[in-house]
Amino acid sequence: MDQKLESAINDVALIKKVLEKTQRDFSKVSVYFIGIGILHLTAWLLEEISYFIRNRYGYGYSTASSFWWGGRILLMAGYGVLFFYFMKKAKMTGNEICESMVKVWMVVLIGSGILGWLYMVLLPSGNSDKVTVLWRCRELIEVLPVIFALFMTGIMTRRRPVTVFTAIYSIFYFVMFVSMKEVPYGTWGGVGTLSSASGVCMQYLMSIGMIVLGIYLKWNRKETSILKDFEVDYGNKCDT
């Protein structure tokens, strides 16, 4: 009786160990972040094409606006497709942490996009200092939720480099934002226009940064093969 009880306890401990390893495997959801980065790179390319047309043919050229709005629509539609696809994948694998990450980023990306659009619609027209300040603050609607989501990602995955990088980037971003430094932007085919340096940094984060995050989560795994570990552990147990 004691041997059966001990064997049952060992089986429960082994199953618990395998489940814990499963919760720490983020290789599947890593493609989610790579997809977000590719979406932003594509939208960025469309925006640059929009500036190229404006610099060559003038700001009244309607095709330029089509490319700009095309990038925005692509982002929102892409967010939805990525969310439903990887949410289904996370449910199939039973990884609750991955499922929570997909939900957090869905709320952040789609929610901040909708709030940013609503903010622009409600923004008063004019060239006063008040309007200029309000226009600059629009950037924070998109940035602050992303920084929060990055912190949550680092905490949920227990990846300290992600948390440390997010803290450093947060300080760097707010220094750039408060300094109100501007850089040339959209210079394909002409001089382009001046844009906030903090906003350009955000574009790098949401494109190249998200791709790097996805690659990091894919290759920096604490366990290389959940099933293999289970078979080895279970085989050793049966041998004893």
Side-chain angles (χ1 to χ4, degrees), residues 29 32-33 35-48 50-51 65-87 99-156 162 166-167 169-182 185-186 193-211 213-214:
V29 79
Y32 178 63
F33 296 107
I36 293 173
I38 293 174
L39 273 177
H40 275 268
L41 276 177
T42 306
W44 196 351
L45 175 63
L46 292 176
E47 187 176 358
E48 288 292 340
S50 173
Y51 273 103
S65 299
S66 300
F67 275 100
W68 191 90
W69 280 107
R72 306 282 80 73
I73 295 172
L74 174 67
L75 279 180
M76 297 302 290
Y79 290 156
V81 172
L82 288 175
F83 168 71
F84 286 111
Y85 177 76
F86 284 98
M87 192 66 184
E99 186 177 339
S100 299
M101 278 197 295
V102 173
K103 288 179 180 178
V104 167
W105 279 98
M106 184 276 297
V107 172
V108 166
L109 295 175
I110 296 181
S112 62
I114 294 174
L115 287 177
W117 174 81
L118 183 61
Y119 186 90
M120 291 178 62
V121 170
L122 298 176
L123 197 66
S125 58
N127 295 320
S128 64
D129 294 338
K130 180 181 178 180
V131 173
T132 302
V133 172
L134 289 173
W135 178 260
R136 284 295 309 275
C137 290
R138 175 195 60 86
E139 192 179 296
L140 297 176
I141 296 177
E142 299 177 356
V143 177
L144 293 179
V146 168
I147 291 176
F148 167 77
L150 281 173
F151 272 120
M152 289 295 296
T153 301
I155 293 171
M156 287 189 293
V162 177
T166 305
Y169 177 83
S170 302
I171 296 172
F172 174 75
Y173 172 80
F174 284 111
V175 169
M176 296 294 291
F177 180 81
V178 173
S179 67
M180 299 185 72
K181 182 178 176 59
E182 293 183 328
Y185 184 75
T193 185
L194 289 177
S195 181
S196 65
S198 56
V200 175
C201 290
M202 184 62 185
Q203 284 190 313
Y204 277 105
L205 175 67
M206 292 304 298
S207 54
I208 299 174
M210 296 302 285
I211 293 176
L213 174 62

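This is a predicted model, so every value here is computed, not measured.
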(message) For L46, is there any backbone N or O sitting under 3.5 Å from a side-chain donor or acceptor partner on S50?
(response) no
Show me the side-chain donor-acceptor pairs of residues 72-79 shorter than 3.5 Å, one per line, residues at least two apart or across chains.
{"from": "Y79", "atom 1": "OH", "to": "H40", "atom 2": "NE2", "distance (Å)": "2.6"}

(request) For V102 and Y32, work out which heavy atoms get closest and say how close. (result) O-OH, 3.7 Å
(message) If I take atom OH from residue Y173 and atom CG from residue L144, how far apart are they, to the nearest 0.5 angstrom?
(response) 7.0 Å
(message) Restricting to non-hydrogen atoms, name the atom on V162 and the atom on L213 that form the minimum distance, rounded to 0.1 Å.
(response) CG2-CD1, 3.9 Å
(request) May I ask you to decide if L134's main-chain N or O and Y119's side chain share a donor-acceptor pair within less than 3.5 Å? (result) yes
(request) Report yes if the side chains of Y204 and W44 come closer than 4.5 Å at any heavy-atom pair, otherwise no. (result) yes
(message) Run R136 and S198 through side-chain contact (heavy atoms from CB on, under 4.5 Å) and show every step you take.
(response) CA-CA 10 Å; R136 284 295 309 275; S198 56; 3.8 Å; yes
(message) With side-chain contact (heavy atoms from CB on, under 4.5 Å) as the criterion, how do T166 and F148 come out once you've worked through the C-alpha distance, each side chain's angles and the decisive distance to 0.1 Å?
(response) CA-CA 9 Å; T166 305; F148 167 77; over 6 Å; no
(message) The test is side-chain contact (heavy atoms from CB on, under 4.5 Å); show your working for Y185 and E47 and say whether it passes.
(response) CA-CA 10 Å; Y185 184 75; E47 187 176 358; 3.3 Å; yes
(request) Classify the ring geometry between Y169 and F172 as parallel (under 30°), tilted (30 to 60°) or perpendicular (over 60°). (result) tilted
(request) Output the distance between atom SG (C137) and atom CG (L123), rounded to the nearest 0.5 Å. (result) 10.0 Å
(request) Measure the spacing between CE of M176 and CD of E182 and express it to the nearest 0.5 Å. (result) 11.0 Å
(message) Could you report the tightest heavy-atom contact between L82 and I36, atom names first, then the distance?
(response) CD1-N, 3.8 Å
(request) Start with the C-alpha distance between T42 and I38, add both sets of side-chain angles, then the distance that settles side-chain contact (heavy atoms from CB on, under 4.5 Å), and finish with yes or no. (result) CA-CA 6 Å; T42 306; I38 293 174; 4.2 Å; yes
(message) So, taking the atom named OG in S179 and the one named CZ in F177, what distance separates them when rounded to the nearest 0.5 Å?
(response) 10.0 Å
(message) Contact between M202 and V146 at the side-chain level, heavy atoms closer than 4.5 Å - yes or no?
(response) yes
(request) Specify the closest pair of heavy atoms between M210 and M206, including all atoms of both residues, with the distance to one decimal. (result) CG-O, 3.4 Å
(request) Over all heavy atoms of both residues, which pair between E139 and S196 is shortest? Give the atoms and the distance, please. (result) OE1-OG, 2.8 Å
(request) Return the minimal non-hydrogen interatomic distance between I147 and S170, and the atom names on each side. (result) CG2-OG, 3.2 Å
